[in-house]
A.B. asks: 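My questions will all concern the structure given below.
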Amino acid sequence: MSYVKEVMDTVIKRNPNEPEFHQAVKEVLSSLEPVIEKHPEYAEAGVLERMTEPERMIMFRVPWVDDKGKIMVNRGFRVQFNSAIGPYKGGLRFHPSVNLSIVKFLGFEQILKNSLTGLPIGGGKGGSDFDPKGKSDAEVMRFCQSFMTELSKYIGADIDVPAGDIGVGSREIGYLFGMYKRLKNSYEGVLTGKGLEYGGSLVRTEATGYGLVYFMDELIRANGKSFKGAKVVISGSGNVAIYAHQKVTELGGTVIAMSDSDGFIYDPKGVDLNTIKIVKEKERKRIKECTLNNKSTQYYEGCSNIWDIKCDIALPCATQNEIDENAAKKLVKNGCFAVGEGANMPCTIEAIDVFLKNGVLFGPAKAANAGGVATSALEMSQNSMRYSWSFEEVDLRLKNIMVNIYNKASQAAIEYGVSGNLVVGANIAGFIKVADAMVAQGIV
Ligand code: NDP
């Protein structure tokens with residue numbers, strides 16, 4: 001049995017009932033066969049066995065009291081996956097679907113993504129099954145304070161630096177940071193995505209969406225196409241989706257549909273960004289509300305049918321496994337020529353196969369959405385220097401990082417004989433740096 005297959009079997013046996021984690025590991029390991037063949041030292045040093053087992057997993061009770069005085073209990077997670085090239089870094093997700101499998105798949109992906117940015121950050125992820133939707137600010141604050149009371153024992157500016165993800169935006173980061181500071185009596189860059197008044201970086205809010213479009217623009221232009229005049233469908237209407245919309249529009253594309261977990265809106269003239277920002281960012285309401293002042297905008301119940309819409313470019317920016325094989329086939333049939341993963345693992349393995357077999361230009365998440373964590377690392381640098389860069393400076397660094405990631409992934413694909421396959425290219429390029437660091441540091 002091959003080394004890779006042996007490790008995959010162990011991962012499945014050791015982690016039963018963790019389908020998302022298996023999926024993420026399988027996607028990576030299956031592309032690493034040629035690297036392992038070329039570098040026997042990785043198998044000798046047990047790199048794959050060690051990389052697929054988190055260095056540390058923390059699970060904890062998060063008790064809090066709601067506005068009616070009722071005691072609520074949620075579960076908190078932090079998976080510190082790999083610190084070979086830097087302190088653990090990765091977001092916190094607050095969503096009812098969060099469980100160990102989800103946090104582990106995200107943490108595992110984060111190792112290679114962070115490596116691809118070229119910055120010194122290891123991989124980690126965390127969160128809770130708490131749902132901030134429908135909660136008052138006071139409830140969210142009490143939850144965050146309870147969550148941080150436990151998490152603060154395990155994180156620090158040089159140890160583990162969490163950030164936002166689904167359900168964790170600037171409001172939650174503010175409450176978490178305030179509680180950490182109070183508990184530790186220490187003002188440090190322990191979280192990223194902070195407000196600009198207290199150590200945040202310009203462009204962090206926009207970074208994942210902008211970075212996704214910078215990456216896809218590089219890929220699309222290298223293949224003789226352009227965002228200009230393209231019809232673009234973006235799923236989700238959160239942080240990543242909103243700023244992807246903004247950059248697509250700047251580059252001359254038209255975003256014709258967006259969604260939330262209830263349904264999607266379609267507007268052939270282009271979904272109005274300002275309305276989306278007001279409804280989703282400010283008022284925290286449902287996307288349905290976006291039709292109220294806009295006659296050409298139609299609302300459809302159910303979010304998965306968004307992929308039936310005919311488009312040139314699709315940017316899934318909501319959640320994992322939102323594009324399955326059937327949805328992928330529909331996109332191909334309707335003439336979609338590029339797909340960029342803004343969300344983490346939004347396409348199933350079968351869907352990715354459909355895209356690659358049909359010559360769709362495909363930007364995999366760990367490369368295409370790395371702009372968020374890259375800018376988080378820039379926030380860490382600014383915090384360490386006690387200095388802040390201008391918007392233009394950070395934006396330029398972000399753009400250069402995304403272009404570099406594209407070049408690294410496409411060169412690795414060429415080197416390993418799968419030119420144009422950025423899934424394999426990104427996995428290999430991200431893996432080698434971490435694997436070399438692990439070999440150099442001995443069996444730890
Ligand atoms: P937000 O919470 O800001 O927005 C998430 C959006 O996706 C919302 O519109 C939400 O709808 C929708 N959504 C969430 N869960 C589901 C679901 N199960 N089915 C359908 N729609 C859903 O999160 P982000 O924009 O920050 O994150 C989106 C994705 O991007 C995630 O996969 C995240 O891991 C990834 N990502 C985020 C980064 C960041 O910097 N924020 C960095 C890299 C990746 P509703 O409003 O109804 O909940």
Side-chain angles (χ1 to χ4, degrees), residues 20 24 89-98 102-103 105-107 109-110 113-114 116-117 123 125-127 130-135 162-173 191-193 200-201 203-212 215 234-245 257-265 271 276-277 279-281 283-290 301-307 315-324 327 340-347 363-377 379 398 402:
E20 293 86 1
K89 181 94 198 83
L92 297 171
R93 176 177 292 191
F94 292 170
H95 192 271
S97 64
V98 167
I102 302 262
V103 178
F105 112 66
L106 290 164
E109 285 279 295
Q110 200 80 45
K113 179 187 306 188
N114 293 1
L116 270 177
T117 66
K125 198 84 188 189
F130 172 75
D131 188 358
K133 233 181 280 168
K135 305 284 189 304
D165 191 81
I166 293 177
V168 179
S170 56
R171 174 182 60 170
E172 289 75 15
I173 293 289
L191 290 159
T192 56
S201 172
V203 194
R204 177 60 189 91
T205 306
E206 297 84 354
T208 310
Y210 277 21
L212 167 68
F215 182 92
I234 300 180
S235 64
S237 47
N239 174 261
V240 180
I242 285 176
Y243 293 96
H245 181 317
M258 290 180 83
S259 60
D260 65 15
S261 52
D262 291 340
F264 68 90
I265 51 170
V271 167
I276 287 268
K277 278 187 168 181
V279 170
K280 297 302 288 186
E281 280 188 333
E283 298 174 348
R284 296 180 189 275
K285 287 189 176 157
R286 311 310 300 155
I287 202 163
K288 195 179 186 174
E289 308 275 332
C290 294
E301 202 66 42
C303 52
S304 57
N305 291 340
I306 193 170
W307 308 118
L315 303 176
C317 295
T319 194
Q320 63 275 356
N321 292 330
E322 47 171 318
I323 299 188
D324 61 9
E341 294 188 313
N344 282 309
M345 209 166 76
C347 302
K366 65 173 75 63
N369 75 21
V373 75
T375 309
S376 275
E379 182 174 330
L398 167 64
M402 298 316 294

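First listed ligand is number 1; within each ligand, the first listed atom is number 1. Excluded from the calculations below are hydrogen atoms, water molecules and symmetry mates; all remaining heavy atoms, backbone and side chain alike, are included. We count residues from 1, following the sequence as given.
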A.B. asks: Write out the residue and atom name of the closest protein heavy atom to atom 24 (P) of ligand 1, then the distance separating them to 0.1 Å.
C.D. replies: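 Checked against all protein heavy atoms, atom 24 (P) of ligand 1 sits closest to Val240 CG2, 3.9 Å.
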
A.B. asks: Between Lys366 and Asn114, is any side-chain donor less than 3.5 angstrom from a side-chain acceptor?
C.D. replies: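 There is no such pair (donor and acceptor under 3.5 Å, judged by atom type) between the side chains of Lys366 and Asn114.
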
A.B. asks: Under a 3.5 Å distance rule, please check whether His245 uses its side chain to pair with a backbone N or O of Val271 as donor and acceptor.
C.D. replies: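 The answer is yes, because a donor-acceptor pair under 3.5 Å joins these two groups.
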
A.B. asks: Considering only the protein, which heavy-atom contact is closest to atom 34 (O) of ligand 1, and what is its distance?
C.D. replies: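 Looking at atom 34 (O) of ligand 1, the protein heavy atom closest to it is Asp165 OD1, 2.6 Å.
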
A.B. asks: Which is it for Gln320 and ligand 1 at heavy atoms under 4.0 Å: side chain, backbone, both or neither?
C.D. replies: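 For Gln320, no heavy atom sits under 4.0 Å from ligand 1.
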
A.B. asks: Please indicate whether any nitrogen or oxygen in Asn239 is less than 3.5 Å from any nitrogen or oxygen in ligand 1.
C.D. replies: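 It does: an N or O of Asn239 is found under 3.5 Å from an N or O of ligand 1.
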
A.B. asks: Might you point out which heavy atoms bring Ala343 and Asn369 nearest each other, and give the distance in Å?
C.D. replies: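 That would be O-ND2, 3.2 Å.
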
A.B. asks: Among all protein heavy atoms, pick the one closest to atom 15 (N) of ligand 1 and tell me residue, atom and distance.
C.D. replies: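 Of every protein heavy atom, His95 NE2, 3.6 Å lies nearest to atom 15 (N) of ligand 1.
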
A.B. asks: Counting only N and O atoms by type, is there a donor-acceptor contact under 3.5 Å from the side chain of Asn239 to the main-chain atoms of Thr205?
C.D. replies: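 Side chain of Asn239 to backbone of Thr205, a donor-acceptor pair under 3.5 Å: yes, one is there.
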
A.B. asks: Below 4.0 angstrom from a heavy atom of Ala343, which ligand 1 atoms are there? Numbered from 1 as shown, please.
C.D. replies: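 Going through ligand 1 atom by atom, the ones under 4.0 Å from Ala343 are 29 (C), 30 (O), 32 (O), 35 (C).
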
A.B. asks: Of all the non-hydrogen atoms in the protein, which one sits nearest to atom 22 (C) of ligand 1, and at what distance?
C.D. replies: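 Going atom by atom, the protein heavy atom closest to atom 22 (C) of ligand 1 ends up being Ser261 CB, 3.9 Å.
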
A.B. asks: To the nearest 0.1 Å, how far is atom 2 (O) of ligand 1 from its closest protein heavy atom, and which atom is that?
C.D. replies: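 The closest heavy atom on the protein side is Gly167 N, 3.0 Å.
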
A.B. asks: Indicate, as side chain, backbone, both or neither, the part of Glu322 found under 4.0 angstrom from ligand 1 when only non-hydrogen atoms are considered.
C.D. replies: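 Neither part.
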
A.B. asks: Got an N/O contact under 3.5 Å between Asn344 and ligand 1?
C.D. replies: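 By distance alone, the answer is yes.
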
A.B. asks: May I ask you to identify the nearest protein heavy atom to atom 17 (C) of ligand 1, giving residue, atom name and distance to one decimal place in Å?
C.D. replies: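 Nearest neighbour among protein heavy atoms for atom 17 (C) of ligand 1, to 0.1 Å: Thr319 CG2, 3.4 Å.
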
A.B. asks: In this structure, which one of Arg284, Arg286, Lys288 forms a salt bridge (Lys or Arg N to Asp or Glu O under 4.0 Å) with Asp260?
C.D. replies: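 It is Arg286, the one option of Arg284, Arg286, Lys288 that forms the salt bridge (Lys or Arg N to Asp or Glu O under 4.0 Å) with Asp260.
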
A.B. asks: Who's closest to atom 23 (O) of ligand 1 heavy-atom-wise, of Asp260, Ile166, Thr192, Ile287?
C.D. replies: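 Among Asp260, Ile166, Thr192, Ile287, the closest heavy atom to atom 23 (O) of ligand 1 comes from Ile166.
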
A.B. asks: Checking the side chain of Glu281 only, and the main-chain atoms of Ile276 only, is there a donor and an acceptor separated by less than 3.5 Å?
C.D. replies: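 Looks like no, no N/O pair under 3.5 Å.
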
A.B. asks: Any idea which atoms of ligand 1 are less than 4.0 Å away from a heavy-atom of Cys303?
C.D. replies: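 Going through ligand 1 atom by atom, the ones under 4.0 Å from Cys303 are 20 (C).
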
A.B. asks: Give me the atom names and distance for the closest heavy-atom approach of Phe105 to Glu20.
C.D. replies: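 Taking every non-hydrogen atom into account, CB-O, 3.4 Å.
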
A.B. asks: Which residue holds the protein heavy atom closest to atom 48 (O) of ligand 1, what is that atom called, and what is the gap in Å?
C.D. replies: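 The protein heavy atom lying closest is Lys133 NZ, 3.0 Å.
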
A.B. asks: Counting only nitrogen or oxygen atoms and a 3.5 angstrom limit, does Asp262 reach ligand 1?
C.D. replies: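 For ligand 1, there is no N or O atom that lies under 3.5 Å from one belonging to Asp262.
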
A.B. asks: Between Glu109 and Leu106 (side chain of the first, backbone of the second, donor and acceptor by atom type, cut-off under 3.5 Å), is there such a pair?
C.D. replies: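 Checked: no pair found.
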
A.B. asks: Mark up the atoms of ligand 1 that fall under 4.0 Å of a heavy atom belonging to Arg93, in ascending order.
C.D. replies: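 In order of number, 31 (C), 32 (O), 33 (C), 34 (O).
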
A.B. asks: Measure the CE-CD1 distance between Met258 and Ile265 for me, rounded to the nearest 0.5 Å.
C.D. replies: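 One gets 7.0 Å once the value is rounded to the nearest 0.5 Å.
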
A.B. asks: Over all heavy atoms of both residues, which pair between Glu322 and Ser235 is shortest? Give the atoms and the distance, please.
C.D. replies: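 Smallest heavy-atom distance, with atoms named: OE1-OG, 2.7 Å.
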
A.B. asks: Taking atom types as modelled and ignoring hydrogens, do the side chains of Arg204 and Thr192 form a donor-acceptor contact shorter than 3.5 angstrom?
C.D. replies: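 No, because no side-chain N or O of Arg204 sits under 3.5 Å from a partner of the opposite role on Thr192.
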
A.B. asks: Among protein heavy atoms, which lies nearest atom 4 (O) of ligand 1, and at what distance?
C.D. replies: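 In this structure, atom 4 (O) of ligand 1 has Gly238 CA, 3.2 Å as its nearest protein heavy atom.
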
A.B. asks: For ligand 1, indicate whether the residue Thr208 contacts it via side chain, backbone, both or neither (heavy-atom separation under 4.0 Å).
C.D. replies: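 Contact part for Thr208 vs ligand 1: side chain (C-beta onward).
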
A.B. asks: Counting only heavy atoms, which portion of Ala318 has something under 4.0 Å from ligand 1: side chain, backbone, both, or neither?
C.D. replies: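 Both backbone and side chain.
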
A.B. asks: Could you tell me whether the side chain of Asp165 and the main chain of Val168 form a donor-acceptor pair under 3.5 Å?
C.D. replies: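 Pair absent, no side-chain N/O of Asp165 close to backbone of Val168.
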
A.B. asks: Any donor and acceptor pair, going by atom type alone, linking the side chain of Ser259 with main-chain N or O of Gly236 inside 3.5 Å?
C.D. replies: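 Between the backbone of Gly236 and the side chain of Ser259 there is a qualifying donor-acceptor contact (under 3.5 Å).
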
A.B. asks: Side chain or backbone of Cys317 under 4.0 Å from ligand 1, or both, or neither, by non-hydrogen atoms?
C.D. replies: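 Backbone only; the side chain of Cys317 stays clear of ligand 1.
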
A.B. asks: Using a 4.0 Å heavy-atom cut-off, say whether Arg204 meets ligand 1 through its side chain, its backbone, both or neither.
C.D. replies: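 Under 4.0 Å from ligand 1, Arg204 contributes side-chain atoms alone.
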
A.B. asks: Numbering the atoms of ligand 1 from 1, which are under 4.0 Å from a heavy atom of Lys280?
C.D. replies: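 Those of ligand 1 that fall under 4.0 Å from Lys280 are 46 (O).
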
A.B. asks: Quick one: does Gln110's side chain have a donor or acceptor within less than 3.5 Å of a partner on Gly123's backbone?
C.D. replies: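 No; zero donor-acceptor contacts below 3.5 Å.
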
A.B. asks: Between Asn369, Val373, Asp131, flag the one that comes closest to atom 44 (C) of ligand 1 by a heavy atom.
C.D. replies: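 Checking each option, the heavy atom nearest atom 44 (C) of ligand 1 is found in Asn369.
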
